[in-house]
Amino acid sequence: VFLNGGFPARQLRCLDLHSGAIHWTRELPQLSYASPAVTDSLVVLGANDGAYRGFSRETGDLVWTYATYGDVLLCAACVTDSGWAYAVPGGDDFRLHGWQVADPQQVDGSWTLTLADPDAPTDYILGKQLAGAAPTLSGDAVACLVRFQYNYWRNGSYAYVLHERLFLVDPATQQVRWSVQLGTLETTNLHEVPALGHCPGPITISDGSRSYLVVSTSLQAELRFLDVQAGTQLASFLKVGAQWGAAASPAVANGLCFAN
């Protein structure tokens, strides 16, 4: 079992599944809230210094460091069977990152794609930030859900405009196939802004003939089913009157879809 220590520890730990005994512990340069991603040989973990690191699964030795200028926070990496990792570190970094898990420093070992909000405000803003979730593989594409936050000073007080959007990206061409806006919010109350720089991650399901992306939004209590190929909405379920959107990703078990 691999887990980070969480606040206030700055550690990655490997525990024996049966006894709970600590196999190895590695100190981190900064706190980590993100879940580790595990391959046959590596443990990939993001930390709040904006970097993702690959550690040896057997010894815990540091193998490589992949630096971004994002916040990371809860934004874990998605690692695929084809040997690539994808992440949206968020904060001031508005990019989807892709890198080869074996060695991100090699030629053609990494790439980035800026995620643009087509509905971004055009008037003056004090600043903007990006919140994200762990991307998910959907067929040959990567799906990532992000929230754009724009900060204003209006009529003597702060105001916040938020847009949440789902992107489907082709990693072979590093191009956006489609994107869909999932929710918006404008408020002067900071307590209404979702915390921790986090969005509920999308999941992919299939009925054998067709694939779907299942997404929640942190801005309203709604669950949506989207066609992977076109991004069109096939079904949605809205909890009318609910004050908060979702914080956790949907889950599927025994033919049922669960969302909080």
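Just so it is clear, the values below take in all heavy atoms, side chains as well, and ignore hydrogens, waters and symmetry mates. Along the sequence shown, the residues carry numbers beginning at 1.
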Discussion item. One thing to verify: whether Asp119 and Arg165 come together as a salt bridge, which I'm taking to mean a side-chain N less than 4.0 angstrom from a carboxylate O.
Written reply: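 Answer for the salt bridge query: yes.
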Side chain proximity check, [X] to [Y], heavy atoms < 4.5 angstrom:
| X | Y | result |
| --- | --- | --- |
| Pro135 | Leu96 | yes |
| Tyr33 | His198 | no |
| Tyr150 | His163 | yes |
| Leu31 | Arg10 | yes |
| Phe225 | Cys257 | yes |
| Val161 | Tyr152 | yes |
| Arg53 | Pro29 | yes |

* To do: Just do the side chain to side chain contact (heavy atoms under 4.5 Å, CB included) check on Asn151 and Tyr160 with the steps written out, would you?
  => CA-CA 5 Å; Asn151 306 323; Tyr160 309 93; 3.3 Å; yes
Practice problem: From the options Trp84, Tyr52, Tyr86, select the one residue that forms a ring pair (Phe, Tyr, Trp, His ring centres under 6.0 Å) with Trp99. | Solution: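 Exactly one candidate clears the test, Tyr52.
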Side chain to side chain contact (heavy atoms under 4.5 Å, CB included) between Tyr158 and Thr188, intermediate numbers included
CA-CA 6 Å; Tyr158 286 105; Thr188 57; over 6 Å; no
Applying side chain to side chain contact (heavy atoms under 4.5 Å, CB included) to Trp64 and Val101, what does each step give before you reach the verdict?
CA-CA 9 Å; Trp64 50 255; Val101 175; 4.2 Å; yes
### Task
Would you please say whether a donor-acceptor pair under 3.5 Å links the side chains of Gln11 and Glu27?
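Yes, Glu27 and Gln11 have a side-chain donor paired with an acceptor closer than 3.5 Å.
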*asked:* Under 3.5 Å, is there a donor on one side chain and an acceptor on the other for Ser157 and Asn155?
replied: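 Absent: no donor and acceptor within the cut-off.
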Margin query: With a 6.0 Å cut-off (strictly less than), is the heavy-atom count around CG of Asp16, excluding the residue itself, greater than 12?
Written below: yes
- Message: Determine whether Leu42 and Arg57 satisfy the following criterion, side chain to side chain contact (heavy atoms under 4.5 Å, CB included), listing intermediate values before the conclusion.
- Response: CA-CA 5 Å; Leu42 291 173; Arg57 179 169 165 168; 5.9 Å; no
Do the ring planes of Tyr66 and His97 sit parallel (below 30°), tilted (30 to 60°) or perpendicular (above 60°)?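 Plane angle over 60°, so perpendicular.
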From the list Thr136, Leu137, Val142, side-chain contact (heavy atoms from CB on, under 4.5 Å) partner of Thr80 resolves to Leu137
